[in-house]
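Reading through the structure tokens given below for one structure.
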Amino acid sequence: MQYLRLPISLLAGVFYKAYGSSKAYMIISSVEKLIDGKSPGQVQSDITIREACKRMCELDVGALAVFDQQLLVGILSERDVIRRCLGTDRFVDETDVAAIMTQTPITIDAGSSLANALEVMQSGGFHHLPVTKDGQLIGLLALDDIPEEYHLLLEQFKELRAR
């Protein structure tokens with residue numbers, strides 16, 4: 001799989017409006033800066049969907065990293081629960097997370113740019129991306145976490161590149 005390599009000069013002028021309608025802006029130079037120490041919600045692959053959904057509610061998140069012992073084996077999202085469990089008439093108390101999770105997720109390094117993370121997510125068709133640093137999971141980036149300006153810039157860059 002090949003991803004766009006966006007020139008840093010293209011993204012150097014992208015600012016994220018950090019404080020509502022005020023004029024305070026900041027540059028987000030990497031995925032790690034955006035997730036800023038928010039630890040990812042995690043569950044083991046052998047728990048039930050009901051238990052995993054309760055965990056998502058407790059943490060107020062839309063996805064969880066799924067582990068088998070210490071190994072990242074998948075991502076469980078609200079979409080997975082709806083489409084692969086509820087939508088197929090499985091019972092939440094009888095179905096393990098491993099049965100419906102998105103398996104073997106692609107990860108991204110914490111030092112990667114938001115543009116690269118966005119490209120990975122768009123090309124892979126998923127909304128959550130595990131973030132690693134030194135081989136360890138440090139966060140879970142959601143598509144909605146990426147400021148709209150990056151989405152727009154990436155689309156403009158693709159259009160220019162296609163010409």
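Just so it is clear, the model here is predicted, and its values are computed rather than measured.
Counting heavy atoms from C-beta outward, M56 and L64 have side chains that approach closer than 4.5 Å. Side chains of Q42 and L137 form a contact here, defined as non-hydrogen atoms less than 4.5 Å apart. Counting only heavy atoms from C-beta outward, the side chains of R83 and I100 never approach each other to under 4.5 Å. Put simply, the side chain of P147 reaches to within 4.5 Å of the side chain of I28, judged on heavy atoms. Side-chain contact check for L129 versus V120: some heavy-atom pair is nearer than 4.5 Å. Within the 4.5 Å cutoff, no side-chain heavy atoms of V131 are placed close to those of L140. At a threshold of 4.5 Å between non-hydrogen side-chain atoms, the residues C53 and T48 do not count as touching. Residues Q122 and L118 meet the side-chain proximity criterion, which asks for heavy atoms closer than 4.5 Å.
Atoms OH and CG, on Y150 and N116 in that order, are 11.5 Å from each other to the nearest 0.5 Å.
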### Message
Could you go through T102 and D80, starting from their C-alpha distance and side-chain angles, then the distance that decides it, and tell me whether this counts as side-chain hydrogen bond (donor to acceptor under 3.5 Å, both in side chains)?
### Response
CA-CA 7 Å; T102 300; D80 294 332; 3.2 Å; yes

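The main-chain N or O of V92 is never found under 3.5 Å from a side-chain atom of T95 such that the two would form a donor-acceptor pair. A donor-acceptor contact shorter than 3.5 Å is absent between the side chain of D36 and the backbone of K33. Side-chain N or O atoms of R84 include one that pairs as donor or acceptor with a backbone N or O of M101 at under 3.5 Å. A donor-acceptor pair is defined here as one N or O able to donate and one able to accept, closer than 3.5 Å; no such pair exists between the side chain of H128 and the backbone of S77.
Cluster membership check: L86 does not share its hydrophobic cluster with I75, using side-chain heavy-atom separations under 4.5 Å among Ile, Leu, Val, Met, Phe, Trp and Tyr. Both I35 and L143 belong to a single network of hydrophobic side chains, linked directly or stepwise wherever heavy atoms of I, L, V, M, F, W or Y lie under 4.5 Å apart.
D96 and S45 share no side-chain donor-acceptor pair at under 3.5 Å.
More than 12 heavy atoms of other residues, nucleotides or ligands sit less than 6.0 Å from atom CD of E58. The environment of CG in D60 is sparse: at most 12 heavy-atom neighbours from other residues, nucleotides or ligands sit within 6.0 Å.
Taking the charged nitrogens against the carboxylate oxygens, E51 and K54 have no contact shorter than 4.0 Å, which rules out a salt bridge.
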